[in-house]
Amino acid sequence: MHRIRRFNNLSIRFKLILIIVTITMLALLISSILDGVMQWGEERHQRSEQLQITARNIALQTRPALEFLDPKAARENLNSLSTDMDIMKGCLYNEQRKLFAYYISPQLSSNTECSPTAQTDQRNSFRRLVLHHNMYNGNKYVGMIYVEYDLTSTYWRFFKIMLIRLGIILLVLAVVWPISEYLQRIISLPIAELAELTRQFSKQRDIPIRARKRSDDEIGALVDAFNSMTKDIRQNELELGHAIAELRVAKENAEDANRTKSEFLANMSHEIRTPLNAVIGLAYILNLSSPLTDKQRKCIETLKISGDSLLSLINDLLDFAKLEEGSITLEHVDFNLPEVVQKVLSIMELRAVEKNLQLLFDASQLSHTHYMGDPLRIQQIVTNLVSNAVKFTENGFVKVTLLEKPSTIGLDEIVIQVSDSGIGIPPEKISLIFEKFTQADASTTRKYGGTGLGLAICRLLVKYMEGRIEVTSQPGEGSVFSVSLPLPATSQSKTEEQQAIVMPELPIDPVTNENQRTILLVEDYLPNVMVATSILEQFGYSCDTAYNGSEAIQKFQRRPYALILMDIQLPGMDGIETSRRIRGLERAKGQLRTPIIAMTAFALAGDKEKSLSSGMDDYISKPFKPEELIKKIRHYLRRKA
């Protein structure tokens, strides 16, 4: 491979010379080898025939001596073999196959002898020829002659012939090389000129360059194509320059629009989440008040449901923005898949009961319960699918089925099927339901509500997990959504599973030290201050409030706090810079680290990372659930203790 690469890097001139010389030399070499092999075979054949004639003559001469038992006469006859210097041995055996007489060439060593019996070497070899000639008197066997012929001198003659041929090949090479050097110019010179013009054109596009046509063959056609290409390239570059300028302007406009969209989404999310946090928080606080009439409790419940619906819409918008930007990060943890689905069904149970629907679940076909993946995203997918199924089903059932299929990539393929007996989807509308802000029928939006983001989010999440989502449906008969995900099963034992499910949270006893239960709340929005303060006091914590970053730093310097809840968007100094300065004061004074939890309405991609990089310990987005906030506070207070 390396040699082929080196050959490809040679110039056309040298390639042509090398090809001409190589083909010529190969033709001569192959013809010489074939002729040499044929000559060598013919030479051996001639030597073999000559040896047979010699053996027959010796047989005629020595047969009388063999019949009259005269070894001396036989030896004299055998000595006539000395006229051929290449005959090494001549052995005469009688009818009993015993050695009767022999001839040994003087060129052999003195201790060389014939075999005492007729058990002689029967094979020819590369360096010798062997002949066995039986002698008969009529039909009577009288003896045998063994002759051994040395091919060394034949080799030397053949070698001299091959040297002469090699000299001829070298002479031909000396003649062919300059001829090929001359002939290659016919092809290589126009190509070299064309290559040089191409290099000039690549460096100086604005200078007119035109190749000179020398012939009407393929190279002439190549010159015509080059001239046409340079003309087209100049024209295309002019058009491309105008197009690039237009695209640059369009790109800048698109970036400005995307930046404006992101800023708008971030600001609108913050501005909506901030008062929504107060709405949901106050609904939670009012629900704990007593006594309440049934009407008051129903109003509070309606307020909470409306707040949750608005929060769900905001979360869908933010999730879809993250998915489209590719800024989502998937977890890879061990989780209980049936438990995740049961959690979704328990949330949807009230809505199903209100519509008198059967909510069914079947995990009997699973061989495992624990898998590796992102349980929160899988829960989000199942929640959207089940929510849609309940929404568009007036009577009958909604069923979730878990299946396990073998896969060729080494992972178990888990199929989550959500089927219902609802209104169904027309075949021509199935391809539209996974598009954002799209539903199968515009009338369903007015009747059932919704934004059309749920299935679009499911499709993107499944794509990120390298899975697939499919749907089959018939109008009036219901729909079946199937999500296939490659999830590796884990081998968690049943005992470990039970521990993971039923392990209770350790209770936290109320502390008596004022510093251990006083929390600094940094928040500038008064309704959220009221909500957070009420929730903290309800769980036994006292609250000190700072309305901006400077005030928070001043209060932190005056006294220690068990924990700090930090808003991000503050007047003057924001929460991120405030956290950095607090961490700097701790390092300068050698103080213990005070846990800081970001509590903000910013919930776009990167907001959590920015908060943690400033020195904060955790992040919770508004609107928050009171139990989630208290759980985080207890976690960090327990760790600090």
Side-chain angles (χ1 to χ4, degrees), residues 29-168:
L29 186 61
I30 292 172
S31 64
S32 297
I33 291 174
L34 292 176
D35 187 54
V37 171
M38 293 176 64
Q39 284 190 5
W40 175 247
E42 183 66 24
E43 187 74 19
R44 283 179 65 98
H45 181 69
Q46 290 179 2
R47 293 292 176 268
S48 179
E49 288 184 347
Q50 180 183 348
L51 196 59
Q52 289 178 4
I53 294 172
T54 300
R56 285 196 294 269
N57 291 334
I58 293 297
L60 291 174
Q61 295 174 9
T62 58
R63 191 175 65 185
L66 187 62
E67 291 176 343
F68 291 101
L69 303 177
D70 187 356
K72 181 178 179 181
R75 280 195 299 272
E76 290 176 355
N77 292 328
L78 288 174
N79 286 336
S80 63
L81 295 174
S82 62
T83 58
D84 191 341
M85 300 297 293
D86 292 329
I87 295 178
M88 297 290 102
K89 288 182 183 181
C91 306
L92 179 63
Y93 297 90
N94 58 21
E95 60 181 342
Q96 286 81 27
R97 296 185 178 273
K98 301 294 184 181
L99 182 64
F100 185 76
Y102 63 89
Y103 161 77
I104 301 298
S105 174
Q107 299 180 28
L108 297 179
S109 59
S110 58
N111 59 354
T112 303
E113 298 178 352
C114 286
S115 175
T117 64
Q119 304 299 323
T120 56
D121 196 347
Q122 303 291 319
R123 298 172 298 173
N124 290 323
S125 67
F126 188 72
R127 297 183 61 85
R128 67 175 184 171
L129 289 175
V130 174
L131 179 66
H132 302 80
H133 182 74
N134 294 322
M135 296 186 298
Y136 294 90
N137 186 3
N139 292 328
K140 181 182 179 183
Y141 175 79
V142 295
M144 184 190 76
I145 290 179
Y146 169 79
V147 181
E148 187 174 315
Y149 188 88
D150 188 11
L151 295 172
T152 302
S153 60
T154 305
Y155 287 153
W156 279 109
R157 288 193 301 273
F158 184 76
F159 180 70
K160 290 177 182 178
I161 294 173
M162 296 305 294
L163 285 178
I164 293 172
R165 290 182 176 179
L166 180 60
I168 294 173

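Quick note: residue numbers are just sequence positions, from 1.
By the 6.0 Å contact criterion, CZ on Phe158 is enclosed, its count of non-hydrogen atoms from other residues, nucleotides or ligands being greater than 12. Summarising the local packing, CZ of Arg97 is surrounded by 12 or fewer heavy atoms from other residues, nucleotides or ligands at distances under 6.0 Å.
Contact of the Lys140 side chain with the Glu95 side chain is registered, since non-hydrogen atoms from C-beta on lie closer than 4.5 Å. In this structure the side chain of Arg128 never reaches within 4.5 angstrom of the side chain of Met88, judged on heavy atoms. A heavy-atom distance below 4.5 Å is found between the side chains of Glu42 and Gln46. With contacts defined as side-chain heavy-atom distances shorter than 4.5 Å, the pair Arg56/His133 qualifies. Using a 4.5 Å heavy-atom threshold, the side chains of Ser115 and Tyr146 count as separate. Counting heavy atoms from C-beta outward, Ile161 and Gln39 have side chains that approach closer than 4.5 Å.
Checking Leu129, Leu51, Val130, Leu78 one by one against Val147, the side-chain contact (heavy atoms from CB on, under 4.5 Å) holds for a single residue, Leu51.
Minimum interatomic distance between Met144 and Asn134 (heavy atoms only, all atoms of both residues): CG-OD1, 3.3 Å. Phe100 and Ala74 get closest at one heavy-atom pair: CE2-CB, 3.9 Å. Looking at every heavy atom in both residues, Cys114 comes nearest to Ile104 through SG-CD1, 4.0 Å. The minimum heavy-atom distance linking Leu99 with Cys91 is given by the pair CD1-CB, 4.1 Å.
Distance check: Ile33 CD1 to Met38 CE gives 14.0 Å after rounding to the nearest 0.5 Å. Distance OH/Tyr141 to CG/Asn94: 8.0 Å, rounded to 0.5 Å.
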Enumerate, atom names and distances included, each donor-acceptor pair closer than 3.5 Å involving a side-chain atom of residues 58-68, sequence neighbours excluded.
from  : atom 1 : to     : atom 2 : distance (Å)
Thr62 : OG1    : Ile58  : O      : 2.7
Arg63 : NH1    : Tyr136 : O      : 3.0
Glu67 : OE2    : Asn137 : ND2    : 2.9

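Sorted by first and then second residue, the side chain to side chain donor-acceptor pair (under 3.5 Å) pairs involving residues 74-89 (not counting sequence neighbours) are Asp86-Tyr149, Asp86-Ser153.
A donor-acceptor pair under 3.5 Å links the side-chain atoms of Arg165 to the main chain of Ser32, judged by distance alone.
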